[in-house]
Amino acid sequence: MVRRSTWAVFLAAGALIAVSQGAVSETAPHHTGAAAEPARTPAPTAIPATTPATTPTTTPAATPHIARHLAMHTNHIRLTDDDTGYIGPEKCSDYYGEYTARTVPNAFGGLNPLAVCGYTPAQLRYAYGVTQSHDRGKGVTVAIVDAYASPTMLSDANHYAMNHDERLLSPGQYREVVPAAYNHLTDGECEAPASWAVEQALDVEAVHAMAPEANIVYVAAASCDDTDLMAALQTVVDDHLATIVSDSWGGIPHSVYGDEDPRTMAAYSALFQRGGEEGISFLFATGDCGAADPTTQCGTGSARPQTQYPAQDPWVTAVGGTSLAIGSYGRYVGEVGWGDRRSELAPSGSSWSPSAGTGQWRFGGGGGTSEDVPQPGYQAGVVPLGLSTTLLTGQHTAEPMRVLPDVAMDADPMTGFMTGVTEKLPNGKIGYAESAIGGTSLATPLYAGLVADAEQAAGHPFGFLNPALYALAGSRAFHDVTSTSLGYDAPRRGTPPAQVVDLGADGKGAHQARLYQMGDDGLLSSGAGYDDVTGLGSPSQSYLRSWD
């Protein structure tokens with residue numbers, strides 16, 4: 001049946017964007033408390049060998065103007081954008097294509113589906129092959145690093161699990177490591193801690209969804225400043241808290257205010273390299289603004305089209321985004337690279353404005369060719385030479401450069417993940433509610449959970465992942481995501497897939513709706529083989545078997 005949503009929250013951190021729905025309980029939040037730091041775990045015994053052919057270089061290019069520290073951030077973006085009278089769609093689908101939008105004008109030659117209410121853990125596990133593998137991350141620990149710490153992360157995750165018939169986080173399966181004090185709480189340098197709460201809920205619940213038996217340690221940074229975030233990452237490495245680290249944050253290294261300090265980037269890179277050699281895999285979201293084009297709404301402040309940092313670092317695995325179609329019974333239908341254009345229902349209710357196919361570009365998975373990082377050896381021979389030598393500005397380089405992403409998973413808010421969090425509700429009260437969230441902040445913890453399952457299957461940690469990932473290029477381990485690989489959603493050959501967000505009537509009785517054209521990531525494009533929207537592709541149902 002069609003769901004009616006009561007609210008939705010959007011967060012786009014290096015990635016978040018929310019979409020819809022749900023049951024709301026207005027109970028006061030309670031503090032779960034920070035668990036004691038765990039004892040140092042033994043160093044892993046199996047680390048992939050790194051040869052000169054696969055060892056990345058970490059020498060940053062010279063920067064053209066003043067260097068600065070980079071304040072990493074989340075970007076609050078509601079699916080309803082500036083429509084303050086609406087929180088989420090009135091109607092939505094439990095699975096992709098379940099319902100079509102029949103009360104709005106046709107687009108692209110016919111009816112289009114209503115946006116997904118939000119996929120459940122069971123749907124995502126089946127679509128990506130976790131259910132079939134029987135691996136659940138047992139014995140593996142995933143660290144999640146964000147700024148600050150919501151006091152309700154554990155209670156929210158267990159509330160969510162109960163609502164969706166999922167396994168609760170058992171005693172000892174979840175713990176937190178938090179600093180003695182927080183920084184930048186009132187100076188405007190960072191968003192308020194409450195602004196990170198949805199990100200944290202998404203990260204914990206998405207990892208747990210894909211790896212229900214994995215341990216999770218949440219490591220809070222004292223602020224969004226890259227020095228504080230680096231200190232949190234340093235704690236993970238020094239104390240070997242986990243073998244997988246999920247990071248759904250980032251920033252543009254070249255803004256109109258200055259450039260990220262090359263010394264800071266080098267310090268990050270050295271930490272990632274050390275962690276990789278000790279058996280720790282670092283995963284970073286590539287961002288939600290495609291190529292960070294300053295001519296787009298989300299690219300404000302960007303000095304020029306560019307890739308996000310730290311995702312562009314050669315010692316991390318950069319996770320991009322897709323629009324994922326999951327059909328009935330959790331079956332995988334298809335994916336396209338994530339990138340959405342928006343049109344609004346015209347006041348007359350008889351047309352879209354702008355017309356279908358000419359809508360405003362709103363958001364999409366980050367990617368592209370880095371201007372700062374030379375090509376690491378693992379990308380040679382896999383990434384097309386024309387792509388690796390062409391910057392997002394159109395300039396050509398003498399030598400190949402690092403290209404993002406490495407892999408991709410579900411990120412489109414129209415095909416997002418239902419997430420539960422306690423926060424301030426539209427009625428002004430504090431309570432728990434659920435909404436669908438997308439962005440590469442979703443793709444990254446989903447992939448972290450999948451890597452935990454793979455580590456269980458392999459029986460050892462992987463450390464730095466990329467050489468092994470690129471060795472699987474072109475294999476059945478990945479879906480080769482192209483602009484036409486969404487399946488039955490594009491029955492009209494030659495037309496793009498699209499979905500409708502139906503908002504219902506506004507206070508004056510006028511019907512409000514939005515049309516989102518999918519698969520358009522601005523300056524980035526997906527195609528056969530490696531591309532700068534989805535990298536090697538998305539993990540297939542054979543992905544976990546490739547690590548046995």
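With sequence neighbours left out, the side chain to side chain donor-acceptor pair (under 3.5 Å) criterion links T295 to D293.
Remark: the D340 side chain and the Q517 side chain contain no N/O donor-acceptor pair separated by less than 3.5 Å. Side-chain atoms of D410 and T415 include a donor-acceptor pair closer than 3.5 Å. Using modelled atom types, one finds a donor on one side chain and an acceptor on the other under 3.5 Å when comparing H396 with T390. For the residue pair H164/E434, the side-chain donor-acceptor check at 3.5 Å is satisfied. Counted by atom type alone, Q541 and Y128 present zero donor-acceptor pairs between their side chains at under 3.5 Å. Of the N and O atoms on the side chains of Y268 and D226, not one donor lies less than 3.5 Å from an acceptor on the other residue.
Residues M265 and D313 have side chains not in contact (no heavy-atom distance under 4.5 Å, counting atoms from C-beta outward). Proximity of K424 to K429: side-chain heavy atoms (C-beta onward) are nowhere separated by under 4.5 Å. Counting heavy atoms from C-beta outward, L345 and P105 have side chains that approach closer than 4.5 Å. Between L503 and E90 the shortest side-chain heavy-atom distance does not fall below 4.5 Å. The shortest distance between side-chain heavy atoms of Y447 and P539 falls below 4.5 Å. By the 4.5 Å heavy-atom criterion applied to side chains, Y309 and F284 are not counted as neighbours. At least one side-chain heavy atom of Y530 sits less than 4.5 Å from a side-chain heavy atom of P384. Residues E191 and Y148 form no side-chain contact, since every pair of their non-hydrogen atoms from C-beta on lies 4.5 Å or further apart.
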Any chance you could lay out the side-chain contact (heavy atoms from CB on, under 4.5 Å) test for L111 and Y99, step after step, and finish with the verdict?
CA-CA 10 Å; L111 294 169; Y99 297 109; over 6 Å; no
Taking it one step at a time, do H479 and Y332 satisfy ring pair (Phe, Tyr, Trp, His ring centres under 6.0 Å)?
CA-CA 11 Å; H479 295 292; Y332 177 91; 3.9 Å; yes
For Q200 and I144, what are the C-alpha separation, side-chain angles and deciding distance, and is it a side-chain contact (heavy atoms from CB on, under 4.5 Å)?
CA-CA 8 Å; Q200 293 154 11; I144 295 167; over 6 Å; no
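Taken from CH2 in W338 to CZ in F363, the straight-line distance is 6.5 Å, to the nearest 0.5 Å. Taken from CG in N112 to OG1 in T100, the straight-line distance is 9.0 Å, to the nearest 0.5 Å. Between H511 atom NE2 and D502 atom CG the span is 3.5 Å, to the nearest 0.5 Å.
N106 places no side-chain N or O within donor-acceptor distance of the main-chain N or O of G109, the cut-off being under 3.5 Å. Looking at Q123, its side chain does come within 3.5 Å of a backbone N or O of D94 through a donor-acceptor pair.
A salt bridge links D520 to R341: one of the charged nitrogens lies within less than 4.0 Å of a carboxylate oxygen.
Minimum interatomic distance between D156 and Y432 (heavy atoms only, all atoms of both residues): OD1-CD1, 3.6 Å.
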